[in-house]
Structures are given as C-alpha cells and as structure tokens.
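In each ligand, atom 1 is the first atom listed, and ligand 1 is the first ligand listed.
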Amino acid sequence: MKARDQFRFYPTDQQRQLLAQLFGCVRVVWNDALALCKKSEKLPSNNDLQKLVITQAKKTLERGWLSEVSNIPLQQSVADLGVAYKNFFDSLKGKRKGKKLGSPKFKKKTNQQTARFRIGGFSIKGDEVNLAKIGNVNPIWSRKLPSAPSSVTVIKDCANRYFLSFVVEVESINIDAKNQSIGIDLGIKTFAVMSNGAVFCRGILPPQTNLEKAESPDYSKLDKKVRKLQKKLARQPKDSKRRNKTQIQIAKLHNQIADARKDFLHKLSTKIVSENQTIVLEDLNVSGMVKNRKLARAISFQGWREFRTLCEAKSQKFNRVFHVISRWEPTSQVCFECGYKWGKLDLKIRSIQCFNCGAEHDRDQNAAKNINKVGIGHCHDSKRTQREGKTGSPAHLSEVSRITEASAR
Ligand SMILES: [Zn+2]
C-alpha cells in the first residue's frame, strides 16, 4: 500500500533560486505538453510528448533554458500529465470511483509549485536529501520514513513554505477492533455523531452528558481575519508589492485553518478506525450543498470529504471494512427502533419522539444509528412501515447498487 509522508524544509537562498527555476521549467513543460494534447485529435504518447516539449524544445531559442535544470522532473511532469489524462478518462467512463474529475488544467505561477524526482534524481544519506542539480536539503524529520521512498515531490505552497513529500510503501497494521461497527452522521454544528453515542463537536458539552467528545477547532476568528484581508486585497492595485504581501498573509491564514482542521480530522479518523471493525459513512453531496451560499463557508471548513478520504485510507491500513451508503437513504426520516417513517424534518428540529413506538431520539444520534444499520445490512422489520417511502427499505450488503464500497487505491 502506498502512502505519502511530508516534511518541511528550509532551502538556502541559492537553493530557492534554483528551485524557482526548476518549478518554472516543470510548469512550462506541463503547459506545453497540455497545449499539444488539447490541439491533437488523438492523445500523443508519453514518448512523443517528451521528445517534443523537452528534447526538441531545448534546441530552440525560446526554450533553451530547459537544459539548465535536471531532466528528471521535466520527464516526470510529462508522465504526470499522462496520468492526469488517464484518471480524467477513467472518471468519465465511470471506471474511477469518487468525485468526477475535470480535464487537466494549465499550471499557474501563482498556485502551489511542485517538482517530482524519481529514483535517480534524489538520494537520502543520513538526514540529508540530495536533489539533482539543487543540492542537499535538510528536512525536519518529525518521524522516520517507514520504507525507502520511490519518489519525492518538492512543494512550495502559496505561503512560500517548502516541503518534501515522499511516496513510501507502508504495511497494514493488525489491531483488534473494540467494536463491531459504527455509523457516523456528519453535521455542521456537531462535526460527527456516532451510533454508539459519542459526539464530536465544537465547544464543550454540558457536564452531565458523559459522551465521548473531541473539540473541532473554531475557525471563525481566523476566517474573520481572512475576509478582512480579502477586502483589503480588492482595493490594492494589481502587481503592487503591498498586494503581494496581502496575498501571502491570506495564504498563511488559510494554512493555519487547514493545519488545525487536518490535525483534528487525523486524530478523529485514527481513533474511529482503530476502534471499529466496520465504519459506515453517509455519502454527502458536498458540492451540491456548497452551492447553498449560506452554508458554503461553514461546510468547506468542516472538511467532510477530507475526513472520508482519511477514514478510507486508514481502514485499508488497519484492515477494516469501510462503507459509504447512498445519500438517498432516509436516515433522518426513520425511527431507528421501530422503522416508522415520519418523513422529512426541518433542520431546526433536533430531537423527535416516534409517533409509532414512543421512543425519544436525538436527531443526529438516530441518523447515525440508521447509517450503521444500513451499512452493516440489518434490515430489521422496517419494511413494514416504510411502504409509502419513495426511498424504500434500508439497503442490504448484497445490494451493491446502493452501497458504494471503498475502492482499493
Ligand atoms: Zn419508533
């Protein structure tokens, strides 16, 4: 199983210059190759592309400077474009699970910059990493690499931070799970409510609730700062030094938000996956919800998609079963106890008493329990009361069409 391991490093001034040059060349090669692909009726082969945008381009006046940098990241850039196209076509044909991918895009100078070195282009000696034609860099090794890396990507993010991202092979971990299965309901106010009663939310719960809890970071203060700076940015003249400075300030704040979120999501997903044998999530239509402008900011901060990706990857690592159930399952419209369907509830309604069996439910808790039930394929006797429902009974494990199982990536 492949994984990425990322470490920060601080290049010398000279290395900064060399890297800036390399990033520029990688970007130009990618953009030239992409322009060729867009023009041709049939996608040119990797070899043909390399010949055109690297070997032959080096002989021209406009692209002669390509020979000043290592050839390996340039070839990799063309190869990566090939992979991007393959993923895009697979996604179009429905061969690739997950979010639909767009066609490869041109790289911009203002976005995050990357250059990838394969074996041969880099080597590790002791604490130092040698990059071809860049020199030795000393990353901050916050942990040991689990195995010898097959490639390393040098990244410069929008806040001018530098990282090395290694692709490594990791082995799966065998720990027995405490619990059979868990269903998770994701929300805005409470990040996650579990079918076993645990609640993971922002802020502190009242003391009498002896529920498991983890605080989701409060992003609102940082977000306020970002919005203030964005207003400032809009007033500043284009290409001015002050504008550049504001842009970097904004990028730094975005990084702080992303780091806090990543940390929270990593801890939570590790906990959930290590403790449970089967993990069931609901497929949320995040991109659809983000179109609702009022909710958009709150949702994009939550990182549901990121959380799902983490749970999925860690499930593989821990040999767990990971299920995503259809977003059309009426998990919040059905009584967990008796299966009675009360229909759609307004978002304001936080708890409900079942009209049929009298059970009292917390809205999210009930949904989480239903998600778990559907995920592990317990039908209960809910069919009886669900006849009128358009969405029908909870899915069985055997009903492949309604349960999207995690694809092995
Ligand atoms: Zn009931």
Side-chain angles (χ1 to χ4, degrees), residues 177-201 205-214 272 275-285 288-289 295 302 304 307-308 311 321-405:
K178 276 202 305 204
N179 314 309
Q180 277 297 316
S181 70
I182 196 155
I184 307 165
D185 182 56
L186 298 175
I188 294 176
K189 280 211 181 99
T190 15
F191 178 77
V193 175
M194 313 284 163
S195 54
N196 68 358
V199 175
F200 296 93
C201 68
L205 289 169
Q208 66 269 30
T209 44
N210 54 352
L211 299 171
E212 261 187 283
K213 59 196 173 214
I272 289 167
E275 287 178 0
N276 300 283
Q277 184 53 43
T278 301
I279 295 104
V280 191
L281 279 183
E282 195 173 24
D283 183 18
L284 294 159
N285 179 11
M289 282 194 219
L295 285 177
Q302 294 294 339
W304 291 333
F307 178 70
R308 174 174 156 178
C311 285
V321 184
F322 178 78
H323 284 314
V324 176
I325 68 163
S326 158
R327 73 175 70 123
W328 305 116
E329 279 306 329
T331 50
S332 58
Q333 304 176 19
V334 177
C335 171
F336 167 73
E337 295 294 339
C338 71
Y340 177 80
K341 186 169 178 181
W342 50 62
K344 274 202 168 170
L345 293 181
D346 192 278
L347 266 175
K348 277 179 214 141
I349 300 172
R350 302 316 305 169
S351 65
I352 185 162
Q353 183 173 26
C354 177
F355 314 124
N356 188 45
C357 72
E360 272 199 67
H361 297 290
D362 170 78
R363 178 205 180 98
D364 300 332
Q365 191 89 64
N366 181 61
K369 284 180 176 168
N370 278 325
I371 289 172
N372 185 31
K373 184 157 84 173
V374 174
I376 57 175
H378 282 316
C379 245
H380 244 240
D381 49 359
S382 49
K383 270 184 187 144
R384 175 173 50 92
T385 39
Q386 280 198 349
R387 247 165 292 156
E388 319 91 281
K390 269 186 240 155
T391 30
S393 63
H396 240 283
L397 265 181
S398 51
E399 293 179 62
V400 188
S401 61
R402 294 174 62 194
I403 295 180
T404 9
E405 227 173 306

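- With Ile325 as the partner, the side chain to side chain contact (heavy atoms under 4.5 Å, CB included) test is satisfied by one option alone out of Thr331, Asp283, Asn372: Thr331.
- Counting only heavy atoms from C-beta outward, the side chains of Glu337 and Cys354 never approach each other to under 4.5 Å.
- Of the charged side-chain nitrogens involved, at least one lies within less than 4.0 Å of a carboxylate oxygen, so that Arg350 and Asp364 count as a salt-bridged pair.
- Counting heavy atoms from C-beta on, the side chains of Tyr340 and Cys357 never come closer than 4.5 Å.
- Although no hydrogens or angles enter the test, the distance criterion places a donor-acceptor pair under 3.5 Å between the side chain of Asn370 and the main chain of Val334.
- Around the Zn ion (ligand 1), the protein atoms of type N, O or S that sit closer than 2.8 Å are Cys335 SG, Cys338 SG, Cys354 SG, Cys357 SG.
- Ring-plane geometry between Trp342 and His361 is classed as tilted, the angle between the planes lying from 30 to 60 degrees on a 0 to 90 degree scale.
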